[in-house]
Each structure stands twice: as structure tokens, then as C-alpha cells.
*Asks:* 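Would you mind keeping the following structure in view while I ask a few things?
Note that these values count all heavy atoms, side chains included, but never hydrogens, waters or copies made by symmetry. In listed order, ligands and their atoms are each counted from 1. In this chain, residues are counted from 1 in sequence order.
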Amino acid sequence: MPDRRGEVEIRESTRTLPVSSRRVAALIAREVERFRQQHRRSNDLRSEARRFSPGGVPSSFQDVDPHPIFIDHGSGSRIWDVDGNEYVDFHNGFGVMVVGHAHRRIVTAVSERLARGSHFAQPVAEGTLVAEELARRFGLTQWRFTNSGTESTLDAVRIARAFTGRDRLVKIEASYHGHHDAVMVSVEPAANRMGPVDAPESVPQCEGIPAAVVGLTTVVPFNDVGVLQSTFKRYPDEIAAVIVEPAMMNVGIILPEPGYLEAVQSMVHRHGALLIFDEVKTGVTIASGGATERFGVRPDIIALAKAIGGGLPCGAVGGRGEIMALIEKKRVAQLGTFNGNPLTMTAARVTLSEILTQQAYAHFEALAKVLQVGLDGVIARHGLGFHVITVGARGGVTYRAERVRNYRDYLGIDKSFAYLSWLYQCNRGLLMAPGAEENWTLSVQHSVEDVERYIDNFAEMAGELRAVRATAAS
Ligand SMILES: Cc1ncc(COP(=O)(O)O)c(C=O)c1O
């Protein structure tokens, strides 16, 4: 982390040596210039788009420096931008495309479906197959479909409130659960507004979120059962649910400490509340049954989206029978014109039953191992104070030596390394999701050669950081 002189420490076996932040900034400046040279057409399209759309992008997550990259097409593990640059895709549409681009089975099945009509707002038989498969993977019996992660967590919270007859929601500081009001609280709060660690403030993510709604969402740190306990004491019989990303994946990757999820579950139940897992990122990517399977804790309600739809906009919310029964009893309205759309259901069925097989998960683990071993080696060789986390199809580099337990730890990381890495990879044929907090997503169509591209680029960057360190130390 930056010290008072604007320097960062890089660890070398037992020694740590300072690195000049100014030199890292110089590398960033060089890479930004190279990026601009390679993306002129994207920049032009962005300027045109801006005339009719704020920031020239369809979602503010795509509005990133130096400017957004407009994509032309994708195939397998690769995508091509409008300037003709080819990338190994580690972004994979913010973690959606674990099937890879234009997967033959999905193209065929969805094309056939399209030719028979694309939307009826009536149920189609394939929806039952998808729900059955989700029930098998996650061990929750009843499912409804949505079109995004936002809708899935929105429904999950509403169902939990109805079931318990309580209004208060507890969420983890810095978890992102989509863009509805109840959860857009303390997503990445500024340090000067976030309050004490044992009682974090509830900070709205942006303007336009009513204070009354923010006041109903209480925030606790991840991996901290003590603060959760005191929160339940502070609000007896008020808390409907605790919503958790079982492994946090929007501030790098933060894994649950052993026993944490179990402790949360038993505390939540002791107090008559429900446990919601937001598995929008972890579901079907870190194991067949997501975090629920991987960490061995089954929540009361699960929110899914992203990867389950094989590239079409699909979400789902599932729960125990007596909880989801509120929908059939019409005590909770779970709605949406496009829910269970035939194209989406076809893509989801093919994704879950034909592509994300046990073999696919073995493939993710094998690629993860190549990345883990390769990157660990580079980090050790260059004495860098970084570490690598891989979990199935997901993983990333954390730019500090120690494990991160929660948002407060994450805040201390110098984000300029992540930005430099993003530029570095992008300028050398590998696209990562934009943003310092993002991680990679692999697909069934990625090869060992693809993931070695990441390691090679990373090694080149590490060499330059090493040169920086030598210069700074000399
Ligand atoms: C954990 C998590 N939950 C919910 C969402 C919201 O999903 P969507 O963008 O599909 O609305 C996201 C999006 O990144 C997410 O990462």
C-alpha cells in the first residue's frame, strides 16, 4: 500500500524494497499511449455514441478509462474489436460466457428456437428442465426465472421479507448485488463515510436512492461473525434476511474463512431470519452447484444469473418449498414479461445439461492450476508482494502479499497495479474485465495456450516492475 512518500513495498523473500509509485505511473502512461494508438476506431465510435447516450455506453460499468473498447465479434475463447485487435477473452462479458463465444451447440439450438418464434410470454416446456437442473445442482426445490442478477436479488429480498414479515436487510460491506435500491448500499463506500468497522454506516451508492430505503439496510463486514451477532442484538426480531456473496467477487476475490458461512447460517436461523446467497457470479462457475456445493452450506434462497444463460439474459431465484410457496399463494408477486423466454430457456438448458458437464469443471480446475502455478512462480521469482486466487472458472491476482479478509483490507491495496495490469494485458492480446476490483472468467473453450498468454504478459510486467524496483533501490 502507498506509504507517506507515495511508495509501495514489494516483498523479496525475507526483504522488502520500496518501489517508486512515480515509476509505476510512468509505465501506466506508456501503456495508455499504446492503448490509444491501438483503439482509434473504438474511440471514434465512443464519441459518436456519446451524442445520444450518457458516456456512450449502455451500462456505466462499461465507461472506463482510457475509453471503452467496442467489440465486433467473438468465437471460442477469442474476441475481436472494431480496430481488428484480437484478444483471448478473460473478461467473458463480466463472467457470463463460461461456454465461450458462439458455442456450436448454443448457436444451433437457439437458431432453431428462433425460427419457431422468439417470445410468447407463456411457459415453454424447456423451463421445467432448467428448473429441475438448478434444483439438482443447488438442492433447493423451487425456482422462478428472471432476466438479470438485479432482478434475482430483488425477488430474493422481497420473498424473504414476505416470509419473515420483517423489513430489515443485512448486507456485507462492499458486496454488489445489482442496481436496485435495497442493495445499493455501501457497495464501495468512501473511507471517510464508511463509519467504524464494528458498526459500518449505510452509505447510498449514488444519488436517487431514498434515505428511508437505505435506513432499512444494515451493513456488516465480511468474515466477521461478531459484528453480525451485535447487529442481531441491535435489531431484535427486525431482520428478514442476510444477503451474502459466499465468496466476494466484486472487490477482487475474497474467500470465506473456514467456518464463516456455517456460523452465519446458524446465527441467521437462530434469530428467525433467512440466509440468501447471491450466486450471480459464483453459481455454476466455481462448481456445478456453485458456492453452495463448494463451501458445503445451503442457504434458504439463492439468486443466480450471468453464466446460467449461456450468453442470453437469464436469471433465476430459487428457494425452499415453503418459502417459494408464497409466490403460488399470490402473497408475493414475482413477475416479468421476459421471464422464461423461449430463447433464454433454450440457451440455459443447453448450457446446463450439455456444456457445463463434470468434464467442463475438470477443465476449469486444470486451467486454474496452470494459472496458479505459473503466476505463483512469477511472483516468487520477482519477489513481488502479490498473491493469486483461483476457484474453478474464476480467479485473479491480488496486489498485496497478505490475504484480504474484507473491504477494509481491500481498500488498502494500491489500485494502480491493477490498472497497469489491465492495460498491459489488453495491449498484448488479452482482455480482462475493466476495473481494479474485477477477476477473470475462463470458458470451456479456453486452452492451456490461452491461459499461458496471461502468465507470459504478467511475467513481462513483473520484469518491468522488477526493473522499476532496481532503479528505485539504486
Ligand atoms: C454478485 C452479483 N450480484 C448481482 C449482480 C447484478 O447482476 P446484473 O448485472 O445481471 O443485474 C452482479 C453483477 O455483476 C453481481 O456480481
Side-chain angles (χ1 to χ4, degrees), residues 57-64 90-98 138 144-160 169 171-188 205-206 209 217 219 222 241-256 261 275-286 290-292 294-295 299 301-318 336 338-339 341 344 347-348 351 391-396 406-407 410 432-441:
V57 289
S59 157
S60 294
F61 281 133
Q62 297 171 25
D63 184 9
V64 289
F90 265 40
H91 177 348
N92 267 320
F94 277 128
V96 167
M97 301 306 300
V98 288
F138 291 90
R144 272 285 178 93
F145 296 108
T146 71
N147 309 284
S148 68
T150 296
E151 291 174 50
S152 299
T153 62
L154 183 153
D155 283 336
V157 171
R158 180 170 296 146
I159 293 164
L169 178 69
K171 81 175 278 287
I172 305 291
E173 192 171 45
S175 262
Y176 178 67
H177 299 296
H179 59 278
H180 58 97
D181 290 351
V183 293
M184 280 186 101
V185 178
S186 295
V187 174
E188 286 205 36
Q205 190 178 349
C206 62
I209 302 174
T217 300
V219 178
F222 195 54
V242 177
I243 184 166
V244 180
E245 267 185 285
M248 292 180 75
M249 292 206 171
N250 285 295
V251 276
I253 295 181
I254 309 181
L255 295 175
L261 295 174
L275 179 61
I276 301 170
F277 272 2
D278 176 349
E279 291 230 41
V280 168
K281 275 198 159 171
T282 51
V284 312
T285 63
I286 67 169
T292 298
R294 190 142 189 155
F295 302 118
I301 301 176
I302 294 178
L304 294 171
K306 293 197 189 263
I308 63 167
L312 274 80
C314 185
V317 58
F338 282 101
N339 291 6
N341 168 272
T344 312
T351 297
V391 251
R394 296 202 188 265
N406 55 38
Y407 177 58
Y410 170 80
M432 281 286 291
E437 63 286 348
E438 283 300 332
N439 36 73
W440 65 62
T441 305

*Asks:* Output yes when the distance from some N or O of ligand 1 to some N or O of Thr153 is under 3.5 Å, and no in every other case.
*Replies:*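 Min N/O separation from ligand 1 is not below 3.5 Å for Thr153.
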*Asks:* What is the minimum heavy-atom distance between Val391 and Met249, and which atoms define it?
*Replies:*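 Closest heavy-atom pair between Val391 and Met249: CG2-CE, 3.9 Å.
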*Asks:* May I ask you to check if ligand 1 and Lys306 share an N or O to N or O distance below 3.5 Å?
*Replies:*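 It does: an N or O of Lys306 is found under 3.5 Å from an N or O of ligand 1.
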*Asks:* Protein heavy-atom contact under 4.0 Å for atom 9 (O) of ligand 1?
*Replies:*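 Protein heavy atom within 4.0 Å of atom 9 (O) of ligand 1: absent.
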*Asks:* Checking contacts here: is it the side chain or the backbone of Thr150 that comes within 4.0 Å of ligand 1, counting heavy atoms only? Could be both or neither.
*Replies:*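 It is both parts that get close, each with some atom under 4.0 Å.
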*Asks:* I'd like to check Glu188 versus Tyr410 (side-chain heavy atoms, cut-off strictly below 4.5 Å). Are they in contact?
*Replies:*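 Sidechains of Tyr410 and Glu188: in contact.
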*Asks:* For the residue pair Ala247 and Thr282, what are the closest heavy atoms and their distance?
*Replies:*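 For Ala247 and Thr282, the tightest heavy-atom pair comes out as O-CG2, 4.0 Å.
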*Asks:* Main chain of Gly315, side chain of Glu151: is a donor-acceptor contact present, judged purely on distance under 3.5 Å?
*Replies:*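 No, the answer is negative, given that no donor and acceptor are paired below the 3.5 Å cut-off.
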*Asks:* Is there a donor-acceptor pair under 3.5 Å between the side chain of Arg394 and the backbone N or O of Gly95?
*Replies:*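 Judged by distance alone, yes, a pair lies under 3.5 Å.
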*Asks:* Check step by step if side chain to side chain contact (heavy atoms under 4.5 Å, CB included) holds for Thr344 and Asn147.
*Replies:* CA-CA 9 Å; Thr344 312; Asn147 309 284; 5.6 Å; no
*Asks:* At a 4.0 Å threshold, what atoms of ligand 1 neighbour a non-hydrogen atom of Glu245?
*Replies:*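 With Glu245 as reference, the close atoms of ligand 1 come out as 1 (C).
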*Asks:* I'd like to check which ligand 1 atoms, numbered from 1 as shown, lie under 4.0 Å from a non-hydrogen atom of Asn250.
*Replies:*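 With Asn250 as reference, the close atoms of ligand 1 come out as 1 (C), 15 (C), 16 (O).
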*Asks:* Centres of the Phe295 and Phe277 rings: under 6.0 Å?
*Replies:*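 Ring centres of Phe277 and Phe295 not closer than 6.0 Å.
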*Asks:* Of the backbone atoms (N, CA, C, O) and the side-chain heavy atoms from C-beta on, which set of Tyr176 has a member under 4.0 Å from an atom of ligand 1: side chain, backbone, both, or neither?
*Replies:*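 For Tyr176, the contact with ligand 1 is made by both the backbone and the side chain.
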*Asks:* For ligand 1, is any non-hydrogen atom under 4.0 Å from Ser148's backbone (N, CA, C, O), its side chain (CB onward), both, or neither?
*Replies:*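 Both backbone and side chain.
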*Asks:* Quick one: does ligand 1 sit under 4.0 Å from the side chain of His177, the backbone, both or neither, non-hydrogen atoms only?
*Replies:*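 Backbone only.
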*Asks:* Which part of Met249 is near ligand 1, with near meaning a heavy atom under 4.0 Å away: side chain, backbone, both or neither?
*Replies:*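 Neither part.
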*Asks:* Which atoms of ligand 1 have any heavy atom of Gly149 under 4.0 Å away?
*Replies:*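 Contacts of ligand 1 toward Gly149, numbered from 1: 6 (C), 7 (O), 8 (P), 10 (O), 11 (O).
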*Asks:* Tell me the protein heavy atom at minimum distance from atom 3 (N) of ligand 1, and give that distance in Å.
*Replies:*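 Going atom by atom, the protein heavy atom closest to atom 3 (N) of ligand 1 ends up being Asp278 OD2, 2.6 Å.
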*Asks:* Do His179 and Thr150 get their side chains close enough for a donor-acceptor pair, meaning under 3.5 Å?
*Replies:*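 Yes, side-chain donor-acceptor contact under 3.5 Å.
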*Asks:* Whether the side chain of Asn439 engages the backbone of Ile253 through a donor-acceptor N/O pair (distance < 3.5 Å, no angle test) should be reported.
*Replies:*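 Answer holds: no.
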*Asks:* Would you mind listing which atoms of ligand 1 come within a distance below 4.0 Å of any non-hydrogen atom of Lys281?
*Replies:*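 Counting atoms of ligand 1 from 1, those under 4.0 Å from Lys281 are 16 (O).
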